[in-house]
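All ligand and atom numbering here is 1-based and tracks the order in the structure. Side chains are part of it too, since the values below use all heavy atoms of this structure and drop only hydrogens, waters and symmetry mates.
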Amino acid sequence: MIRTVPTQPFDGQKPGTSGLRKKVPVFQQPHYVENFVQSIFDTLEGFAGKTLVVGGDGRFYNREVVQKILKMAAAAGFGRIKVGQGGLMSTPAVSAVIRKYGAFGGIVLSASHNPGGPEGDFGIKYNIGNGGPAPEKITDAIFARTKSISEFKIADVPDIDIDQLGETKIGDTVVEVVDPVADYAELMGKLFDFDAIRDLFKSGFTMRFDAMSAITGPYARRILEDQLGAAAGTVVNSTPLPDFGGHHPDPNPVNAKDLYDLMMGPNAPDFGAASDGDGDRNLIIGRGIFVTPSDSLAILAAHAHLAPGYAKGISGIARSMPTSLAADQVAKAMGVGIYETPTGWKFFGNLLDADRVTICGEESAGTGSNHVREKDGLWAVLLWLTLLAKRRQPTLDIVREHWAKYGRNYYSRHDYEAVPTEAANAVMEAVRSQITSLPGKSFGALKVKSADDFAYHDPVDGSDSKNQGLRVLFENGSRIVYRLSGTGTEGATLRVYLERYEADPAHHGIETQAALADVIAVARQLSGIAEKTGMAEPSVVT
Ligand code: VG1
Ligand code: CO
């Protein structure tokens, strides 16, 4: 019943910041998926008879790939496969299910914040037994295997019914179709005081959650509306669609414009939130205020103890290098450790496993904790609701008070998308070539303190990751970071991260781009980005 199929390697099956991401037509080539999945299995050892968790964000091609994985995992010798009903499961839920059942690992089908549909993007990511993304050691080995693969194994059986809950078998392997929400919702109920949040909604507190036609719809409906008593209709765009209804499921004020406009307008509810394609990111907008993800991380870390799951306090905070230093202020005040890692959640896993940190976050709207090993969109929303339930103040006041206490880190990211690879490399090279000569130089009032090409030494396993972004740090605490995205599928995406620290509350009311004007001007001048890319302005400013 197991068929061995000869195959030939494909170029470029290299996992990026978060798994292998390509256009759907690339994934649709015969054997493309099979080669990558077999390369994952060939790289792993000791999974015979063990459990694999499988789920995706419901984007176009999700169902077809789920069928291939079920048949290949059975052929590879897994004992049990837990697959979300309809092939659906959010990224944080996959992580939760892996951990709860002690699974060997999991496969997440998603290109996360990238658009979906027949011409959109698809992705495959492998997660290890701690529930987190495979570390570089494993993703490098998978990539190496894709270059030499010559056959794959697949069970020759008809498609499995993934819409009915329950168990079926492929040979000796049990395929269990599970409710994708249940285990996750149970975990949230343990971490948070649902009664307190229910009281908040009972008091007339209003909210909108925009699921962007992606995976969090069913999760948000069940938890916010059914369990916590938020009004029906609180969750909008709540049905996962293969093309996300044409939405770009990247939850920032630009892509979630409807939500943003509502929250800034006269009829704004008390609180607004959104998540991304696979449910691991969060956008937080209070009435009249967009909370930057970096500020959100700092505010959540400062308030985590209000939730029962963190009542004992936090052991430390980790943030990705481009994320603002707002969390550092909180860590310092709390007397806990702060860690700066490269971009991507896989770098947080070791720190969480070793309990060096409890809370982690990224400037790209990812926040999470030691409850799973992925960032977690709804978790962040529930922690915000916890602090709103306890403090009973508008979000705007909470954020302003936070700035008054810790200072404000003005922050913005400028993305230059679909740039020709050579032009993007030229920009990076232009900055890199100045790195050693920049310290001591002044640009107006900004004097460079130090500059480097960020490298990370993992304090837990001792591994090193180099070339993780170019940093220019100024004496007044301002920063510029240049980085190439590792999740795009078209040309290159250049990210320029800009930050300025302002301690004085009298200066906390400036519009962000205006507050950063000096830093932005230096970032453009240093890199020659406009000339090299032919783009006078970035594609997206968040
Ligand atoms: C982006 C974000 C990064 C995030 C990654 C995966 O990566 O910047 O912070 O971890 O996406 O998120 P890059 O390499 O494009 O900058 V998700 O929610 O798209 O899996
Ligand atoms: Co995501």
*Indicate the ring-plane relationship of Y411 and Y497, choosing parallel, tilted or perpendicular according to the 30° and 60° boundaries.*
tilted
_NZ/NE/NH1/NH2 to OD/OE distance under 4.0 Å, D250 and R281_ = yes
*Under 4.0 Å from ligand 1, counting heavy atoms only, is it the side chain of R281, its backbone, both or neither?*
side chain
*Just jot down the ligand 1 atoms closer than 4.0 angstrom to any heavy atom of K375, in number order.*
6 (C), 10 (O), 12 (O), 17 (V), 18 (O), 20 (O)
*What part of T17, side chain, backbone, both or neither, has a heavy atom within less than 4.0 angstrom of ligand 1?*
side chain
*Could you please tell me which protein N, O or S atoms lie under 2.8 Å from the Co ion (ligand 2)?*
S112 OG, D276 OD2, D278 OD1, D280 OD1
*Would you call R495-E363 a salt bridge at under 4.0 Å N-O?*
no
_Location of contacts on K125 toward ligand 1, heavy atoms closer than 4.0 Å_ = neither
_I'd like to check which ligand 1 atoms, numbered from 1 as shown, lie under 4.0 Å from a non-hydrogen atom of T343._
3 (C), 8 (O), 9 (O)
*When you check the side-chain N and O atoms of T367 and N282, is any donor under 3.5 Å from an acceptor?*
yes
*Between N114 and ligand 1, find which residue part has any heavy-atom pair under 4.0 Å and reply side chain, backbone, both or neither.*
neither
*Any Lys/Arg nitrogen of K532 or E429 sitting under 4.0 Å from an Asp/Glu carboxylate oxygen of the other?*
no
*Are R413 and D415 ion-paired here, with the side-chain N under 4.0 Å from a carboxylate O?*
yes
*Any salt bridge between D121 and K23, counting N to O under 4.0 Å?*
yes
*Pairing of R222 and D179 as salt bridge, 4.0 angstrom limit*: yes
